[in-house]
Amino acid sequence: MGIISWIILGLIAGVIAKILLPGKDPGGLIGTTIIGIVGAFLGGWISARWLDHPINKSFFDGPTWLAAIGGALVLLIIYRLLFGNSRSRR
């Protein structure tokens, strides 16, 4: 996959993760994309390292999408544990 594919995958995975884990998070579109891209790499690493299922580098591969969304969810959970809901503290 090229860099554009990773950005699109990250954006969509980040949006899906935010839908699955609702709440007010700062960042907007760019923050969602970054969470999704880093989540895709994290999910792929977790899948290959501990689940013994290396991720295919195809854009339309189901396990690649599941790993990306799972990784983005993990990042959102870690973010919220570390920083909480920053908008509710005002």
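Hydrophobic clustering of Ile, Leu, Val, Met, Phe, Trp and Tyr side chains at less than 4.5 Å, counting indirect connections, unites F41 with I34. W65 is connected to L75 through a chain of hydrophobic side-chain contacts under 4.5 Å among Ile, Leu, Val, Met, Phe, Trp and Tyr, so both are in one cluster. At a threshold of 4.5 Å between side-chain heavy atoms, the hydrophobic network of Ile, Leu, Val, Met, Phe, Trp and Tyr places I16 and Y79 in one connected group. Linking Ile, Leu, Val, Met, Phe, Trp and Tyr residues whenever their side-chain heavy atoms come within less than 4.5 Å leaves L42 and L66 in two separate clusters.
Rounding to the nearest 0.5 Å places CG of L76 at 9.5 Å from CG of L20. Taking CD1 of I8 as the reference point, atom CD1 of I37 lies at 10.0 Å (rounded to 0.5 Å).
For the pair A72 and A17, the tightest heavy-atom approach, listed with the atom from each and the gap, is CB-CB, 3.6 Å. Nearest heavy atoms, R80 versus L21: NH2-O, 3.0 Å.
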